[in-house]
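Next up is a structure, given as structure tokens.
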Protein chains: 2
Amino acid sequence: MPKTPTVYDVADLAGVSIATVSRVFRKPHKVSQATKDRVNAAVLNLGYVPSGSARSLAARRAGAIGLCFPDFDGIDGGPAPIVYADGRVIEQLDPPEDVEPSGDLYLSEVMLGTEIEAWRHGMAVTIAVARGDEIFDNLAGRVDGMITLSRTVPEGLLAHIARHIPVVVIAGTRAGDDYDHIGTDNVAGMQAMTRHVVDAHGVRDLAFVGGPADSPDDHDRFEGFRMGLHAEGIELPSEPLLRGDFTRSHGRMLGRRLVEAGRVPRALVCSNDQTALGVLDALLATGLRVPEDVIVTGFDGIDASQTSRPRLTTVRQPMRELGRAAVDTLLRRLGDPLMPPQTGTLPVTVLLRESCGCLA
Amino acid sequence: MPKTPTVYDVADLAGVSIATVSRVFRKPHKVSQATKDRVNAAVLNLGYVPSGSARSLAARRAGAIGLCFPDFDGIDGGPAPIVYADGRVIEQLDPPEDVEPSGDLYLSEVMLGTEIEAWRHGMAVTIAVARGDEIFDNLAGRVDGMITLSRTVPEGLLAHIARHIPVVVIAGTRAGDDYDHIGTDNVAGMQAMTRHVVDAHGVRDLAFVGGPADSPDDHDRFEGFRMGLHAEGIELPSEPLLRGDFTRSHGRMLGRRLVEAGRVPRALVCSNDQTALGVLDALLATGLRVPEDVIVTGFDGIDASQTSRPRLTTVRQPMRELGRAAVDTLLRRLGDPLMPPQTGTLPVTVLLRESCGCLA
DNA sequence: TTGTATGCGTTATCAA
DNA sequence: TTGATAACGCATACAA
């Protein structure tokens, strides 16, 4: 296997200087057509691909954006997958158990948005899991800026990195830091949702089913819930009725617990869709009717919320736009490092569907 | 804003040579504890982050894997998202229209698998959209190897890149190329699915609802369908009854067309889940019962297949494992460039649920 | 329009 | 255990 070709090889073969070869790639308009042709022929001939590292080093820019992935459950992944091709197929009954749908749609959508927007600006996206410092500042060193979900990177590390490249935090309010932030309007969204249940459906017996106590999203949503109640002149709880961990299976558990305790309120306002769907599962399983007996609402607007029966009334947050806005903010910051810290908030939409009784 | 610090700055501050600074990062065991402490202090003090490009250039390896994303619909993304924070919330009725769920779960899962496995091996993942050459060999130049979904990169370009770095193709059979391939057992899976419908449910009137004619996956699945019929002594169709484009909305259209034409067979074996779900929607909408009147089966095992009513009997392919296997193959190839071209096939599982009548 | 020469920030090879 | 120094492959300012 021959050494991989460099500018020098291409230059030699084309009978030009390396500067010209470089120009053909970077400033084609400053090279005569004849020369361009010769160089391109040499490139094809040799199978030349410019070295990204050398290019980044010389140009002092990486041309890539870093995306820092939270270290979610299941990322361990266990052993490498089996690979065989003997045509065997396992056949199994698959009852509707407490299965957790695989993908975290939220993450996927954010990633997709990031990817789309970065691509539009000619940037690549490099992804790394935020576990341990190793691979992580492996990331920081190879990108022009970084996007991270709130609470995925230890604060000390993040601060260290932020001295070097701009950082944009998605979801999570500014906590005395100087990063740029992009979030969705959790408070207003949940407030509107709450008021809708009260106003449109005449319900005054609402309870909030929360998520992890340390989630800023959950915090804001509960606050929105309280503000909604307050606006309606309903007494405010100081704590959510119950807390889950944002998963559907946990939601089911909470739902069952509620039923067993015999204290199911007229409406359950849940902090995210997965929890709401789990609650829904549990209620229906015990013969309760939604929305006739209990109203259930969610937050996020994941796909599953519109395929459930009844479909879930929820607050949709523009997940893909979250990623896009983060990239936009990052690029703006790159263009103007002295700009004051930005805080972007994306609007949400209350989607009225069957689970609140707006549609049959 | 001060110049970003380099090894030289760290070395100066710590009173050592740049070689030692480098060692502290690469071979910590070859440096005395005292020196290490001094260097680390300097690093923290200066906010030093090693340059990925310089590192890759000198080490002759990028430490990253490239993932090439197909240029799917909707990637244009339109204008940048609106960002405001005035607390306004739109509220809208959301009837169950012909909405297409947003994310392509298949892609997301493959990406996730890639990410997971790469992370386990200390590699970053760089993603780029396969549109135009520009950003694309931007990718090739900055990674140690590349994973691509079949048919996402023009063959000429791929060949060019493959001269430079190893390429692994996901989904899609070898077509005279020398790349490594990873796929799932489409043929065996669909054959097993087909035979199940015949054997367990006594159906001999089956039809195949296919996907795009140029999809290798679809081709293999139809072939599996035919093999299943053949094994059961049932006459073989030479073509699918209908073809969609693998989307749910198109599936709905096909379902409606079937009903209107008045020729709905006893069982509809669909080439993927989205198509099957669309068909399901259409059948139910016209009052037909599934599985009592018509059996519907899918392929892929996306989340939506287990939240539909009835839930979809399908062939699950391990999407996440696909990504993982691709990374494993790539790393093995990197370790042994002379290895003959590999072809990996991952096993599939037939999941028996309500839509075929195995479960009530 | 093209060529020359220097610098980019590491790693790695030798010596010490 | 540490240090000096030569690559690494490209971009770019400056000359021609």
Side-chain angles (χ1 to χ4, degrees), chain A residues 2-40 42-43 46-64 137-144 164-165, chain B residues 2-40 42-43 46-64 122 137-138 140-144 164-165:
Chain A
K3 201 178 77 54
T4 81
T6 73
V7 265
Y8 294 97
D9 303 314
V10 176
D12 278 357
L13 186 57
V16 298
S17 75
I18 64 165
T20 297
V21 174
S22 180
R23 278 191 207 101
V24 169
F25 284 92
R26 315 310 298 172
K27 318 180 164 181
H29 55 284
K30 312 199 85 178
V31 180
S32 77
Q33 189 57 48
T35 313
K36 233 183 312 197
D37 291 345
R38 287 223 312 289
V39 170
N40 281 139
V43 166
L46 293 171
Y48 168 72
V49 175
S51 153
S53 20
R55 179 174 282 182
S56 304
L57 183 58
R60 277 170 274 282
R61 65 184 288 279
D137 40 48
N138 206 312
L139 213 216
R142 69 170 72 226
V143 297
D144 295 318
H164 191 237
I165 53 174
Chain B
K3 199 179 79 58
T4 81
T6 72
V7 266
Y8 292 97
D9 303 313
V10 176
D12 278 357
L13 186 57
V16 298
S17 74
I18 62 166
T20 298
V21 175
S22 179
R23 276 191 208 101
V24 170
F25 284 92
R26 314 309 299 170
K27 318 179 163 172
H29 55 282
K30 310 200 87 178
V31 180
S32 77
Q33 189 58 46
T35 313
K36 235 183 309 196
D37 290 344
R38 289 222 311 289
V39 170
N40 282 137
V43 166
L46 294 171
Y48 169 72
V49 174
S51 152
S53 18
R55 178 172 280 184
S56 303
L57 182 57
R60 275 168 276 279
R61 64 183 290 280
D137 43 48
N138 207 310
R142 68 170 74 224
V143 298
D144 295 318
H164 191 239
I165 53 175

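All heavy atoms count here, side chains included; hydrogens, waters and symmetry mates do not. Quick note on labels: first sequence line is chain A, next is B, and so on, each numbered from 1. All values reported here derive from a predicted model rather than from experimental measurement.
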(request) Output all residues satisfying side chain to side chain donor-acceptor pair (under 3.5 Å) with Asp12(B), sequence neighbours left out; order by chain, then residue number. (result) none
(request) Could you give me the CA-CA distance, side-chain angles and deciding distance for Val21(B) and Tyr8(B), then say whether side chain to side chain contact (heavy atoms under 4.5 Å, CB included) is met? (result) CA-CA 9 Å; Val21(B) 175; Tyr8(B) 292 97; over 6 Å; no
(request) For Arg142(B) and Ala62(A), indicate whether the former's side chain and the latter's backbone hold a donor-acceptor pair under 3.5 Å. (result) yes
(request) Give the first and the last nucleotide of DNA chain D, reading 5' to 3', that has any atom under 4.0 Å from a heavy atom of chain B. (result) dT1(D) to dG9(D)
(request) Might you point out which heavy atoms bring Asp144(A) and Gly63(A) nearest each other, and give the distance in Å? (result) OD2-N, 2.7 Å
(request) Identify the heavy atoms of Phe25(A) and Pro50(A) that sit nearest to each other, and give their distance. (result) CE2-CG, 4.0 Å
(message) Please find the pair of heavy atoms, one from Val43(B) and one from Val10(B), that lie closest to each other, and give the distance.
(response) CG2-CG1, 4.0 Å
(request) If a protein heavy atom is under 4.0 Å from the base, mark B; if only from the sugar-phosphate, S; if neither, -; do that for nucleotides 9-16 of chain C going 5' to 3'. (result) BBBB----
(message) Can you see if the side chain of Thr20(A) gets near the phosphate of dG3(C) - specifically, an N or O under 4.0 Å from OP1 or OP2?
(response) yes
(message) Between Asn40(A) and Asp37(A) (side chain of the first, backbone of the second, donor and acceptor by atom type, cut-off under 3.5 Å), is there such a pair?
(response) no
(request) Search all heavy atoms of Val31(B) against all heavy atoms of Arg23(B) and return the closest pair with its distance. (result) CG2-CB, 3.6 Å
